[in-house]
Amino acid sequence: MREVCVIGGNRYFGKRLIARLMAAGDRVTVINRGSSAPPPGTIHLVADRNDENSLENALGSRTFDVVVDQVCYTPRQAETARRVFAGRTRRYVMTSTVEVYEYEDSAELVTEDAVNPRTVSVDLELPWDDPEFLDTHYGEGKRQAEAVFAADPEFPYVAVRVAHVLGGDDDFTGRLDHYTERIRTGEAIAVPATNHPATYIHVEEIADFLAWAAGETFTGPVNAASHGVLTTGELCEELAGQLPGGWTMFRAVFRSVEVGEFSPFSFARSYGMDNARATRLGFAFGKAREWLPRAVAETLGKVN
């Protein structure tokens, strides 16, 4: 029986990850602030992950085979976690994001080498506690958090760079809902003048991937994305095909804008992720175009 600690993880693919770990026979400890109960059968520790003393007191003398950090968004949080869990775990898996590549613009799918966390500058003095700043610097926060873990060669970290996640009847992001509403009303969909496709992963697949990564021995960044890319148009076409009378209602047009806010899953840069490293390491990804109908059906509540 492995001792596994999950920081956060009470919703979406985090709760699916916990279910997989428990099904594999692991003893799972969940750390959160106590605002919601963890899945039944887990050990619950209440702590503020931003407060080093709070974490230390909650953990006591506990050690773990693996820690999966679902909610590390800033270098400050990474600094605290690295200090607290040094010597407590043999493996630390941080859930990172495709947004670490937000400044890339590549005709080819982007490999992990495009952002080397060992060369990323860390600034702990930025206003990371300001929710508005954090929201607009999401990719930068993740880059710097990775850099903090990578700076310690003795700390056995993995940064799972997660593609855009689709699927599940509990998708709380509202991003597909944005398109559903516009398809129904015919409201224009704002996209960049050149709207690039992107890489995606199904909610069940990323839970599988994190559970797999927890049991492996590789370290460093790894991209997690299904095979193939999807366009905004493909997402909208699948939605229209599954909405009652969707094709009749699909009067929406794509409106190119130079400035302002684009619709979700619309990208002025091309930075889809190459999944070759994870594939070589042994993970078998699905194909995005094959699971897209299922993901849309789940989000629309058409799957029981």
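Other residues, nucleotides and ligands contribute over 12 non-hydrogen atoms within 6.0 Å of the CZ atom of R175. Heavy-atom contacts from other residues, nucleotides or ligands closer than 6.0 Å to CZ of R83 number more than 12.
For C72 against A145, the heavy-atom pair with the smallest separation is SG-CB, 4.0 Å. Closest approach of N195 and F267 over heavy atoms only: OD1-N, 3.0 Å. Across F85 and I31, no two heavy atoms sit closer than the pair CZ-CD1, 4.3 Å. Across V110 and A114, no two heavy atoms sit closer than the pair CG1-CB, 3.3 Å. When all heavy atoms of P221 and R161 are compared, the closest pair comes out as CB-CZ, 3.4 Å.
Comment: E234 engages R289 in a salt bridge, judged by a side-chain N to carboxylate O separation of less than 4.0 angstrom. Look at R33 and D48 and you find no salt bridge, because none of the NZ, NE, NH1 or NH2 atoms lies under 4.0 Å from a carboxylate O.
With D69 contributing its side chain and C5 its backbone, the two residues share no donor-acceptor pair below 3.5 Å. Using a distance-only test at 3.5 Å, with no hydrogens or angles considered, no donor-acceptor pair links the side chain of D135 to the main chain of P131. In terms of modelled atom types and a separation under 3.5 Å, the side chain of D65 and the main chain of T89 share no donor-acceptor contact. Side chain of T279 to main chain of N275: a donor-acceptor pair is present (N/O by atom type, distance under 3.5 Å, no hydrogens or angles). With D208 contributing its side chain and W212 its backbone, the two residues share no donor-acceptor pair below 3.5 Å. Looking only at distances, no side-chain donor or acceptor of R294 sits under 3.5 Å from a matching main-chain atom of E290.
We find the CD-OG1 distance between E146 and T97 to be 9.5 Å, quoted to the nearest 0.5 Å. For the atom pair M1 CE and R27 CZ, the distance stands at 5.5 Å (nearest 0.5 Å). Atom CG of L300 and atom CG of L176 lie 7.5 Å apart (nearest 0.5 Å). Residue E238 holds its CD atom at 11.0 Å from OG1 of T299, rounded to the nearest 0.5 Å.
Looking at Y271 and D105, their side chains never bring a donor and an acceptor atom within 3.5 Å of each other.
Residues V84 and R88 meet the side-chain proximity criterion, which asks for heavy atoms closer than 4.5 Å.
In this structure V257 satisfies the side-chain contact (heavy atoms from CB on, under 4.5 Å) test together with A190, R255, F262, sequence neighbours excluded. Partners of Y101 by ring pair (Phe, Tyr, Trp, His ring centres under 6.0 Å), not counting sequence neighbours: none found. Not counting sequence neighbours, T63 has no partner by the side-chain contact (heavy atoms from CB on, under 4.5 Å) test.
In this structure, R11 forms a cation-pi arrangement with F172, its terminal cationic atom sitting closer than 6.0 Å to the ring centre and no more than 45° off the ring axis. Taking the ring centre of F218 as origin, the terminal cationic atom of R91 falls inside the region bounded by 6.0 Å and 45° from the ring axis.
Exactly one residue among Q70, Q77, R49 makes a side chain to side chain contact (heavy atoms under 4.5 Å, CB included) with I7. That residue is R49.
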message: E52 vs T80, test: side chain to side chain donor-acceptor pair (under 3.5 Å). Steps then yes/no.
response: CA-CA 6 Å; E52 190 165 341; T80 297; 4.6 Å; no

- request: Check the pair M94, V158 against side-chain contact (heavy atoms from CB on, under 4.5 Å), reporting the backbone distance first and the verdict last.
  value: CA-CA 6 Å; M94 171 196 166; V158 177; over 6 Å; no

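The hydrophobic cluster containing V122 also includes L124, V148, under a criterion of side-chain heavy atoms closer than 4.5 Å among ILVMFWY residues, counted directly or through chains of members.
Residues F133 and Y138 share a single hydrophobic cluster, defined by chaining ILVMFWY side chains whose heavy atoms lie under 4.5 Å apart. A continuous path of hydrophobic side-chain contacts links F265 to V100 [ILVMFWY only; heavy atoms under 4.5 Å].
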Donor-acceptor list for residues 198-206 side chains, cut-off 3.5 Å, not counting sequence neighbours:
unit_1: T199; atom_1: OG1; unit_2: M273; atom_2: N; d: 3.0
unit_1: H202; atom_1: ND1; unit_2: E204; atom_2: N; d: 3.0
unit_1: H202; atom_1: NE2; unit_2: E298; atom_2: OE1; d: 2.9
unit_1: E204; atom_1: OE1; unit_2: R20; atom_2: NH2; d: 2.8
unit_1: E204; atom_1: OE2; unit_2: R16; atom_2: NE; d: 2.9
unit_1: E205; atom_1: OE1; unit_2: S226; atom_2: OG; d: 2.4
unit_1: E205; atom_1: OE2; unit_2: G286; atom_2: N; d: 2.6

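Counting only residues at least two apart or on different chains, the side chain to side chain donor-acceptor pair (under 3.5 Å) pairs with a member in residues 108-129 are R76-D129.
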